[in-house]
Trainee: 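My questions all concern the structure below.
As the structure lists them, so they are numbered: ligands from 1, and atoms in each ligand from 1.
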Amino acid sequence: MKVLVIGGGAREHALCRSLSLDPDVNALYCAPGNAGIAEVAELRPVDPLDGAAVARLATELRADLVVVGPEAPLVAGVADSVRAARIPVFGPSGEAARLEGSKAFAKDVMAGAGVPTARSYVCTTPDEVDEALDAFGAPYVVKDDGLAAGKGVVVTEDRAAARAHALSCDRVVIEEFLDGPEVSLFAITDGVTVLPLQPAQDFKRALDGDAGPNTGGMGAYSPLPWADPKLVDEVMASVLQPTVDELRRRGTPFSGLLYAGLAITSRGVRVIEFNARFGDPETQVVLARLRTPLASVLLNSANGTLDAQAPLVWREDAAVTVVIASHNYPETPRTGDPITGLADVAEQDAPYAYVLHAGTRSEGDAVVSAGGRVLSVTATGSDLAQARERAYKAVARIGLDGSQYRTDIAAKAAEHR
Ligand code: AMP
Ligand code: GLY
């Protein structure tokens, strides 16, 4: 099978790594990719937002499957262009991807499907904003209605800051604060059949102890030793299947990866957000644990044959990933800094720990930073403590001027706290 992956972050590196290990895959391309992905896939230049260009590339390469990684191309309808060229594609239509592209649309779908989520108001005027802030009280949760790469959400006790963020958005969703731990649960679907993956936990805040601003995600781990073993079944029944059924009922069937961001509150599971693609960095740890070869699972979603998919098989291992981010991430990340130590990790820590590239590019013989999140250092172990130790040992070998990472990824879970 010839597979073309669209995107160039750590999620796409994780996808390409798994696909490169799949015996069914005999040619693997990634467009545009990054310096790390170049080691497992052949890179092609493409504007990932240009559906016609992506479809042309897939046709030229005679791809049997196109996997669209990030949300922006999905929301822009890139999967539709590829489908129109009669090439199987893993990823939802632009219409269905509005589940991620518009928080207000997601709320509407959840209301229709009876999916539990935070109560919310959609506001477009200062008066509506004030009314909503006062209705819920602190802590305030204010979300830009559009795509914002994980940075459009402000959660704060400070009413003035909440109001300022709300007024900086055209359309804003203001909602009830949900307490309790967060879980990311992914499901692969073809629009009818839903196949859940293993849950993971992401660390959204920039700094240790969940301090600092929200980011795209600073680290993740799986499995979740503290979670109720019935969690996946419960979320399947109350969230994932009803959402997929509701989107089909509306005439916008969702195929691809449905990402449920959940809060486990004292009153039960609530959806914080949906995404229409694999999460980053959670994918790095989920795929590290998946034993079933990936390509045929994605192809079954693309072809609408997921009902024929054999049950997924998981490793007993635990996995941890730690994101190394640029100086000044998430505000104004500095790029162009040389990265050292990559060969040391490959020589001394493989196969238990490895570096997935998020924002990197090659500059002559050097690899330099090219984004806010630069690397996602991933490790497996017999338990979270061992995976964590291996991940941080590898992180310590990496040099990147001014970089930052959290030191507490999976720390509580590893200690059964
Ligand atoms: P989102 O982009 O919707 O996932 O929001 C980013 C982060 O903001 C989430 O991972 C949560 O940590 C936090 N957040 C979002 N919505 C809520 C809520 N209703 N209550 C508490 N925290 C929230
Ligand atoms: N890790 C959060 C996300 O992928 O949106």
Trainee: Is the shortest distance from a heavy atom of Lys103 to ligand 1 less than 4.0 Å?
Mentor: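 Judged by the 4.0 Å heavy-atom criterion, Lys103 does count as contacting ligand 1.
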Trainee: On a heavy-atom basis, I'd like to know which of Leu262, Val153, Asn275 is closest to atom 6 (C) of ligand 1.
Mentor: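 Heavy atom nearest to atom 6 (C) of ligand 1 belongs to Val153.
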Trainee: With a 4.5 Å limit on heavy-atom distance, are the side chains of Lys143 and Glu175 in contact?
Mentor: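 They are in contact (side-chain heavy atoms under 4.5 Å apart), so the answer is yes.
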Trainee: Relative to the heavy atoms of Asp202, which atoms of ligand 2 are at a distance of less than 4.0 Å?
Mentor: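 Close to Asp202: 1 (N), 2 (C).
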Trainee: Please identify which atoms of ligand 1 are closer than 4.0 Å to at least one heavy atom of Phe177.
Mentor: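 Numbered from 1, ligand 1 contributes 20 (N), 21 (C).
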Trainee: For ligand 2, which atoms have a heavy atom of Pro281 less than 4.0 angstrom away?
Mentor: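 With Pro281 as reference, the close atoms of ligand 2 come out as 1 (N).
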Trainee: Show me the pairs that pass salt bridge (Lys or Arg N to Asp or Glu O under 4.0 Å) and involve residues 379-391, at least two apart or across chains.
Mentor: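 The answer is none; no pair qualifies.
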Trainee: Quick one: is the NZ or CZ of Arg11 closer than 6.0 Å to the six-membered ring centre of Phe278, and within 45° of its axis?
Mentor: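 Arg11 over Phe278 ring: no.
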Trainee: Which is it for Asp179 and ligand 1 at heavy atoms under 4.0 Å: side chain, backbone, both or neither?
Mentor: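 Neither; nothing of Asp179 gets under 4.0 Å from ligand 1.
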Trainee: Please confirm whether Arg119 makes a cation-pi placement over Phe136, using NZ or CZ under 6.0 Å from the six-membered ring centre and within 45° of the ring normal.
Mentor: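 Verdict for Phe136: no cation-pi partner in Arg119.
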Trainee: Any atoms of ligand 2 less than 4.0 Å from a non-hydrogen atom of Gly216? List them with their elements.
Mentor: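 Near Gly216, the atoms of ligand 2 are 1 (N), 2 (C).
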Trainee: Of all the atoms in ligand 1, which lie at a distance below 4.0 Å from a heavy atom belonging to Glu182?
Mentor: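 Selected atoms, number and element: 9 (C), 10 (O), 11 (C), 12 (O).
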Trainee: For ligand 2, which atoms sit closer than 4.0 Å to a heavy atom of Arg277?
Mentor: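 Counting atoms of ligand 2 from 1, those under 4.0 Å from Arg277 are 3 (C), 4 (O), 5 (O).
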Trainee: Please work out, at 4.0 Å between heavy atoms, whether the side chain, the backbone, both, or neither of Lys143 comes within that distance of ligand 1.
Mentor: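 Under 4.0 Å from ligand 1, Lys143 contributes side-chain atoms alone.
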Trainee: Taking the side chain as every heavy atom from C-beta outward, state whether Lys2 and Leu61 have any pair of such atoms under 4.5 Å apart.
Mentor: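 SC-SC contact between Lys2 and Leu61 ruled out.
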Trainee: Taking heavy atoms and a distance under 4.0 Å, where does Glu71 meet ligand 2: side chain, backbone, both or neither?
Mentor: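 Neither part.
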Trainee: Specify the closest pair of heavy atoms between Gln201 and Pro181, including all atoms of both residues, with the distance to one decimal.
Mentor: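 Here Gln201 and Pro181 meet closest at NE2-CB, 4.1 Å.
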Trainee: Would Gly279 count as a contact of ligand 2 if the rule is a heavy atom under 4.0 Å away?
Mentor: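 Yes; Gly279 lies near enough to ligand 2 that a heavy-atom distance drops under 4.0 Å.
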Trainee: Quick one: which ligand 2 atoms are inside 4.0 Å of a heavy atom on Asn275?
Mentor: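 Within the 4.0 Å cut-off of Asn275, ligand 2 contributes 5 (O).
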Trainee: Report yes or no: does Thr360 contribute a side-chain atom to a donor-acceptor pair with the main-chain N or O of His357 at less than 3.5 Å?
Mentor: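 Such a contact is absent between Thr360 side chain and His357 backbone.
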Trainee: Could you pull out all residues at least two apart from Glu131 that satisfy side-chain contact (heavy atoms from CB on, under 4.5 Å)?
Mentor: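 Result, side-chain contact (heavy atoms from CB on, under 4.5 Å) vs Glu131: none returned.
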Trainee: Pull out every atom of ligand 1 sitting under 4.0 Å from any heavy atom of Val141, numbered as shown with elements.
Mentor: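 Checking each atom against Val141, I get 16 (N), 17 (C), 18 (C), 19 (N), 20 (N).
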Trainee: Salt bridge check: are Glu100 and Arg98 linked by an N-O gap of less than 4.0 Å?
Mentor: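 Looking at Arg98 together with Glu100, the answer is no, because their closest N to O distance does not fall below 4.0 Å.
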Trainee: At a 4.0 Å threshold, what atoms of ligand 2 neighbour a non-hydrogen atom of Lys204?
Mentor: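 Once the distances to Lys204 are compared, the set is 2 (C).
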Trainee: Do you see a donor-acceptor pair shorter than 3.5 Å between the side chains of Asp208 and Thr407?
Mentor: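 Side-chain D/A pair, Asp208 to Thr407: present.
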Trainee: Ligand 1 versus Val155, non-hydrogen atoms closer than 4.0 Å: side chain, backbone, both, neither?
Mentor: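 It is the side chain that touches ligand 1; the backbone stays farther off.
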Trainee: What atoms in ligand 1 come closer than 4.0 Å to a heavy atom of Lys204?
Mentor: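 Near Lys204, the atoms of ligand 1 are 4 (O), 9 (C), 10 (O).
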Trainee: Here's a test for you: under side-chain contact (heavy atoms from CB on, under 4.5 Å), which of Asp307, Val297, Leu240 qualifies with Leu195?
Mentor: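 Exactly one candidate clears the test, Val297.
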Trainee: Tell me whether ligand 2 is touched by Phe278 - counting only heavy atoms on the residue side and a distance under 4.0 Å.
Mentor: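 No.
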Trainee: Using only heavy-atom distances, determine whether the side chains of Ser238 and Glu234 contain a donor-acceptor pair under 3.5 Å.
Mentor: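 Short answer, no.
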Trainee: Numbering the atoms of ligand 1 from 1, which are under 4.0 Å from a heavy atom of Glu175?
Mentor: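 Near Glu175, meaning under 4.0 Å from one of its heavy atoms, ligand 1 has 16 (N), 17 (C), 18 (C), 19 (N).
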Trainee: Go through Ser376 and Thr321 one step at a time and tell me if the side chain to side chain donor-acceptor pair (under 3.5 Å) criterion holds.
Mentor: CA-CA 6 Å; Ser376 192; Thr321 194; 2.8 Å; yes
Trainee: Geometry only, no angles: is Glu273 polar-contacting ligand 2 at N/O separations under 3.5 Å?
Mentor: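 Among all N and O atoms of Glu273, none is under 3.5 Å from an N or O of ligand 2.
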Trainee: Flag Ala118 as yes when one of its N or O atoms lies below 3.5 Å from any N or O atom of ligand 1, and as no otherwise.
Mentor: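 Between Ala118 and ligand 1 (N or O atoms, distance only) the closest approach is not under 3.5 Å.
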